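This report refers to the structure that appears directly beneath it.
We number each residue from 1, following the sequence as shown. Because the structure is a prediction, the values reported are computed rather than measured.
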Amino acid sequence: MGVRGKVRMSVSVMKAAMKEMRRSVTYMPRPGDGAPRGVTLIPGDGIGPLVTNAVEQVMEAMHAPLYFEKYEVHGDMRRVPEEVLDSIRKNKVCLKGGLRTPVGGGVSSLNVQLRKDLDLYASLVNCFNLPGLPTRHDNVDIVVIRENTEGEYSGLEHEVVPGVVESLKVMSKFCSERIAKYAFEYAYLNNRKKVTAVHKANIMKLADGLFLESCRQVATKYPGIKYNEIIVDNCCMQLVSKPEQFDVMVTPNLYGNLVANTAAGIAGGTGVMPGGNVGADHAVFEQGASAGNVGKENQVEQKKANPVALLLSSAMMLRHLQFPSFADRLETAVKRVISEGKYMTKDLGGDSTTQQVVDAVIANLD
């Protein structure tokens, strides 16, 4: 055997050994960890039923150890029904599609109400390049962690006199500190190297100043993680010109919405970015960026909604439930489908239906 043949063989043996090594040290469950877990499922409005059904099909194909408790909730309801909240409190975990929010008048956003009712104070969106999906920038892997319960989303608005409306931005030390702690803890546990605080403290000196003060205090407890700050308008410019400089970003409520959607657009679009909302006791997983997105009518009629974002969010959910091998299988299958490029929805440059993408993912499950 020639030198090249020996090298090829040694490389293949090493890869096989590494694969076996990964399998042997991944996860040792406790007795009873394989018992099926209940998950509250809210299909939602518009494309929601299409993409949540995609998740149901893939979970069934994997024989994932969970079952869904499904509830009908729609954005035109005045409140999330109490039995739905009770189900989430019991199960601790929820998967949801978007809930339509009226623009201007009408009822308040149920997406926001749900986060407040369950104190889901941290929103996490992971924006990263997917092999096979062409984008303007490479090496993008950004995690946006957004405060979810106050700021401009406090909902405190009133008309002072006819024609003059006052909208209050509420910031507290308690909420600022706990989102900063979550961001640094996430970075520490996931071997991330840098946390960037996004702010507008040059103008909102008290509100955003309080946020920055909290981030700085928490940063001192994590000397191994680099900390820096960036004004939100400069942040948006830097995101579209040099996104690879960012790692973990921690933001107040409104800025996080803008930053996450910008980062998602850079990395491939909102249709492929996973995310979730978490608090001390509960977690709700949904499409990462534009989480309240219900799609367009023609997507529903033609059944061509992109299920990738929610499939990847459900992989995050499986890890949260401590089913890592199922999460790995699902994520690997989705990435294979994207890499092959044969079954892509319109937003990714293809013309596939939701069901065709689902069938391809199922076919690629190990």
Side-chain angles (χ1 to χ4, degrees), residues 11 15 18-19 22 122-146 182-199 215 219 222 224-251 255-276 287-291 306 308-313 315-316 319 324 327-328 330-342 344-345 347-350 361 364:
V11 169
K15 285 182 176 178
M18 287 177 68
K19 189 173 182 181
R22 283 200 302 269
S123 164
L124 186 150
V125 182
N126 191 188
C127 303
F128 56 93
N129 293 120
L130 283 162
L133 189 61
T135 58
R136 291 180 180 271
H137 298 277
D138 297 323
N139 303 315
V140 177
D141 186 8
I142 302 168
V143 174
V144 181
I145 293 175
R146 160 192 175 193
Y182 184 82
F184 276 92
E185 186 176 59
Y186 174 88
Y188 171 67
L189 293 174
N190 287 276
N191 195 29
R192 295 280 184 155
K193 307 303 182 186
K194 181 170 70 171
V195 173
T196 301
V198 183
H199 67 94
C215 290
Y222 293 86
I225 298 172
K226 184 179 178 182
Y227 171 70
N228 66 347
E229 300 167 357
I230 189 167
I231 295 173
V232 64
D233 37 353
N234 182 36
C235 173
C236 292
M237 188 273 287
Q238 295 289 335
L239 269 173
V240 298
S241 59
K242 216 172 134 186
E244 63 278 1
Q245 68 182 287
F246 295 108
D247 191 355
V248 174
M249 307 176 78
V250 60
T251 78
Y255 308 156
N257 192 11
L258 305 176
V259 168
N261 278 273
T262 303
I266 290 162
T270 58
V272 294
M273 299 303 150
Q287 176 176 306
S290 295
N306 188 349
V308 169
L310 202 65
L311 286 170
L312 292 176
S313 296
M316 286 175 58
R319 288 198 181 93
D328 291 343
L330 174 52
E331 189 173 326
T332 299
V334 170
K335 288 180 177 179
R336 282 176 183 164
V337 172
I338 296 293
S339 181
E340 289 167 2
K342 186 177 179 182
M344 308 275 258
T345 48
D347 58 312
L348 303 183
V361 170
N364 277 278

With side chains defined as the heavy atoms from C-beta onward, is the minimum distance between [X] and [Y] less than 4.5 Å?
| X | Y | result |
| --- | --- | --- |
| Arg319 | Asp328 | yes |
| Cys127 | Ile266 | no |
| Leu258 | Val232 | no |
| Phe184 | Tyr227 | yes |
| Leu133 | Met344 | yes |
| Glu244 | Asp138 | no |
| Val248 | Val250 | no |
| Met249 | Cys235 | yes |

Do any N or O atoms from the side chain of [X] and from the backbone of [Y] form a donor-acceptor pair under 3.5 angstrom?
| X | Y | value |
| --- | --- | --- |
| Asp141 | Phe128 | no |
| Ser339 | Lys335 | no |
| Asn261 | Ala289 | no |
| Ser313 | Gly275 | yes |
| Asn364 | Thr332 | no |

Where [X] and [Y] come nearest, the two heavy atoms and their spacing:
| X | Y | result |
| --- | --- | --- |
| Met316 | Gly276 | CE-N, 4.2 Å |
| Ala267 | Val140 | CB-CG1, 4.1 Å |
| Ile225 | Tyr188 | CD1-N, 3.7 Å |
| Leu348 | Gly268 | CD2-O, 3.8 Å |
| Ile338 | Pro131 | CG2-O, 3.6 Å |

Return the [atom1] to [atom2] distance between [X] and [Y], rounded to the nearest 0.5 Å.
| X | Y | atom1 | atom2 | value |
| --- | --- | --- | --- | --- |
| Lys242 | Asn139 | NZ | CG | 12.5 Å |
| Thr262 | Gln238 | OG1 | CD | 13.0 Å |
| Thr251 | His199 | OG1 | NE2 | 12.0 Å |
| Met273 | Leu312 | CE | CG | 9.0 Å |
| Leu189 | Tyr182 | CG | OH | 9.0 Å |
| Cys236 | Ile231 | SG | CD1 | 12.0 Å |

Can you tell me if [X] has over 12 outside heavy atoms packed within less than 6.0 Å of its [atom1]?
| X | atom1 | result |
| --- | --- | --- |
| Tyr186 | OH | yes |
| Arg136 | CZ | no |
| Lys194 | NZ | yes |

(request) Output, in order, the C-alpha distance, side-chain angles, deciding distance and verdict of salt bridge (charged side-chain N to carboxylate O under 4.0 Å, His left out) for Arg192 and Asp247. (result) CA-CA 7 Å; Arg192 295 280 184 155; Asp247 191 355; 2.7 Å; yes
